[in-house]
Amino acid sequence: MTLAIRPLSPAVGAEISGVDLARLSDAGFATIEKAWTDHSVLLFRDQKLSDDDLLAFSRRLGELDPPPNQERGRQSPPGYPDVYVVSNVLDDKGDPIGALGAGEAVWHTDMSYLDLPPDASMLHALEIPPAGGNTWFCGMQAAADALPAELRAALGTRRIKHDGTYNSGGYLRQGVTPTDDPHKAPGAWHPALLRHPGNGRATLYLGRRRNSYIEGLSAAESEALLDRVWAHVTEPRFTYEHHWRVGDLLLWDNRSTMHRRDPFDGAARRVMHRTQIKGRARPIPYSLPAAA
Ligand code: OGA
Ligand code: MN
């Protein structure tokens, strides 16, 4: 097999063909890691990975991060606490086996409500509905490069509050008090414009829209600026729409992308297993040089 790299869209993503992630050489892994830094999202088709294979590949990228606290807490397959299940399927007691249901998951980057968010997440598709449930990615480095000067100046070195109250499916995280006040909400502050430690490029880091707030502005000013920045980053020229097939593995960089998911028919089955890789360093502002 020969490893090949093909871009998926002008702004973000590449497909890597000619690899079996369960039998990957060190040289193959090095090529993949570089492609991931260059393209932010990598697609591997036709993978047949057990949870052990998924964990073994994940560990090559770094230390595993525990799954997010979702609407029903942390949902993992029995014996695999580092694997997170995204699914609408119900078990024999009628409880969901995973998170996010069958509705839309709005634009977000994973777990940025933490001070040290995971650098990477990956999803392995085990069951896919006949229609719907596509996952969209947005290239936040291309979006940062094309950010109108006026919006860039307005953001400057300001930080954004990333909300930890609701997940992308609109569900309240388990044990969290509902609020729509960004000042009361649990979460973390991160610079709006980051420097990506892997490639030195600027990346817009927005987290999620709900309960977001830009430091130092009035609530109304913050909302108005956020609306303009969000309208910019979600322009079609920065996005890639992924149509899933069973066996796909998608690996993404949470610092330089956001993603969202289309809804699908709740009577159909969709089962994905996810892992996430611990952040190596807190996000740094673009105004600062990358650490040596
Ligand atoms: C995730 C997520 C979207 C999807 O697992 O982080 O947002 O397509 N999933 O299931
Ligand atoms: Mn997500």
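Whatever order the structure lists them in is the order used to number ligands and atoms, beginning at 1. Because the structure is a prediction, the values reported are computed rather than measured.
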Looking at [X] and [Y], does any basic side-chain N land under 4.0 Å from a carboxylate oxygen?
X	Y	result
R255	D253	yes
D180	R210	yes
E15	R6	yes

So, regarding H108 and ligand 1 (criterion: nitrogen or oxygen to nitrogen or oxygen, under 3.5 Å), is there a contact or not? yes

D110 to ligand 1: N or O pair under 3.5 Å? yes

Identity and separation of the nearest protein heavy atom to [atom]:
atom	result
atom 8 (O) of ligand 1	T135 OG1, 2.5 Å
atom 3 (C) of ligand 1	R261 CB, 4.0 Å
atom 6 (O) of ligand 1	R274 NH1, 2.5 Å

Could you tell me if the ring centre of F137 sits under 6.0 Å from that of H259? yes

C138 backbone acceptor or donor facing T257 side chain under 3.5 Å: no

Taking the inter-plane angle between the rings of W189 and Y213 on a 0 to 90° scale, is it parallel (under 30°), tilted (30 to 60°) or perpendicular (over 60°)? perpendicular

At a 4.0 Å threshold, what atoms of ligand 1 neighbour a non-hydrogen atom of V86? 5 (O), 10 (O)

State whether a side-chain donor-acceptor pair under 3.5 Å links N199 with Q141. yes

Would you say that more than 12 heavy atoms from the other residues, nucleotides or ligands in this model lie under 6.0 Å from the CZ of R280, or not? no

Which of these, M272, R270, H259, has its nearest heavy atom closest to atom 4 (C) of ligand 1? R270

List nothing but the number: protein N/O/S atoms under 2.8 Å from the Mn ion (ligand 2). 3

Report yes if some heavy atom in the side chain of H242 is under 4.5 Å from a heavy atom in the side chain of L250; otherwise report no. yes

